[in-house]
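Chain letters run A, B, ... following the sequence lines, proteins first, then strands; residues in each count from 1.
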2 protein chains.
Amino acid sequence: MVRQPQINAQNRAPLSIERIIEAALRIVDGQGLGRLTMRRLGDALEVEAMAIYHHLPRGKEQLLDGLVAHVAAAPAAPASPADAASAAAPAGTLRAWARDYRARLLAHAGVLPLVVTRRNPAALTETVASLREVLRRGGVAEDAAAATAHTLLAYVIGHAALEVRNTDEDGADRAVDWDARFDAGLDQILRAS
Amino acid sequence: MVRQPQINAQNRAPLSIERIIEAALRIVDGQGLGRLTMRRLGDALEVEAMAIYHHLPRGKEQLLDGLVAHVAAAPAAPASPADAASAAAPAGTLRAWARDYRARLLAHAGVLPLVVTRRNPAALTETVASLREVLRRGGVAEDAAAATAHTLLAYVIGHAALEVRNTDEDGADRAVDWDARFDAGLDQILRAS
DNA sequence: ACCTGAACACCGTTCAAGT
DNA sequence: ACCTGAACACCGTTCAAGT
């Protein structure tokens, strides 16, 4: 009989960084960032809050870093450079990525304030690099690719921020079609690249 | 002898919302948002923390709303529509405003996470409206003006966010010239409008 | 009207102890 | 190795009290 390391004496799955991050994200999405506390997170995991420190020695700081990484680190292209389709249509790849990335940010709007912080600077590095690579493969020169990658990412993050704040149409009650507006601005930027 | 209402018995200027917001901003800029507490703010104002609640009944929530308003509510044009110069060169007005707005966000980078929250939705309404007005006066159609105003504001906020995180050049150590990069993206967006 | 002081319910984190 | 329980220093906020 092989022992089962994933079940402990109390018949509970042991803690892991993945389970902790997922539970934290569930709290942030459901109740807001302000209600994410170590004690509440412990409750959600059916564990004392102090047990979390065994897996995240840097404590809450490390927890928030993990949330940023989980939400904002989405590459614009598969790691394999053998993907011929994306090389053929870089604008389409960028458009699809931008839509997905925006959807992710809006689905986890509570972590947006964390994305806009100095914390976990490595979280977006991969994303920016993959954007540059897609552009470069599409025939864009190195310097222009670097610039456009930042412009595009800035637009997507900033647009998500405006949507979350729901900045309305100058007081007129007519609602904004954010989906259409996002696509319009996105096309404007991709066209000008 | 006229009594001086601005000096109380302890020879201290009385509290005011303006003085409170300024002191709070000084703490955020100098020590970071995480160190802005009601007690520390009280210390900076040489008052007990509880005195602040007399001026901000909604407490810390209202304090943070005030910080967002103070940093992010900057109109793109003077209130008077008689300013002929801005009507003549809307692109120049927008460019100058965008540069100033970016500088403000970076000067108070600690409040950026607050700007990206649902709090104080009215804080950006005036800004968006003035952007639309500048565009409309420049001959841009109503719908296009509304769309471009959001695209531009999204870009400026998102770019400031990237700068604060200092997302570097894909691991290569060569530093990014953020000023030049901001202007390049800005021109791209204004050209495409 | 404006501010103080004590109190309350919470928070992140440390540390010794259990298994 | 992994988790618990008590403890510590702090936090936002309420409330009765002072002037």
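Taking the six-membered ring where tryptophan is involved, the planes of B:W178 and A:H150 are tilted, since the angle between them lies from 30° to 60°.
Heavy atoms only, all atoms of each residue included: B:G110 and B:P113 are closest at O-CD, 3.3 Å. B:V156 approaches B:L105 most closely through the heavy-atom pair O-CD1, 4.3 Å.
In this structure, B:L41 is not a member of the same hydrophobic cluster as B:M50, with clusters built from ILVMFWY side-chain heavy atoms closer than 4.5 Å.
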Quiz item: When every nucleotide of nucleotides 9-16 of chain C is labelled 5' to 3' by its protein contacts under 4.0 Å (heavy atoms), B for base, S for sugar-phosphate only, - for none, what sequence of letters results?
Solution: --BBBB--
Quiz item: Pairing of DNA chain D as dot-bracket, 5' to 3': ( ) intra-strand, [ ] crossing, | other strand, . unpaired, with Watson-Crick or G-U pairs under 3.5 Å?
Solution: ||.|||||...|||||.||
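Residue A:H54 contributes atom NE2, which lies 17 Å from atom P of C:dG18 at whole-angstrom precision. Distance CD (B:E48) to P (D:dT19): 15 Å, rounded to an integer number of Å.
OP1 or OP2 of D:dA1 has not a single side-chain nitrogen or oxygen of A:H55 nearer than 4.0 Å.
Salt bridge absent: A:R95 and A:D183 never bring a charged side-chain N and a carboxylate O closer than 4.0 Å. One finds a salt bridge joining A:R137 and A:E133 here, because a Lys/Arg side-chain nitrogen approaches an Asp/Glu carboxylate oxygen to under 4.0 Å.
Residues that satisfy the side chain to side chain donor-acceptor pair (under 3.5 Å) test with A:D65, not counting sequence neighbours, are A:R58.
Here the CG-CG distance, from B:L152 to B:L131, works out to 5.5 Å after rounding to the nearest 0.5 Å.
Nearest nucleotide to the A:V47 side chain, out of D:dG5, D:dC3, C:dC3: D:dC3.
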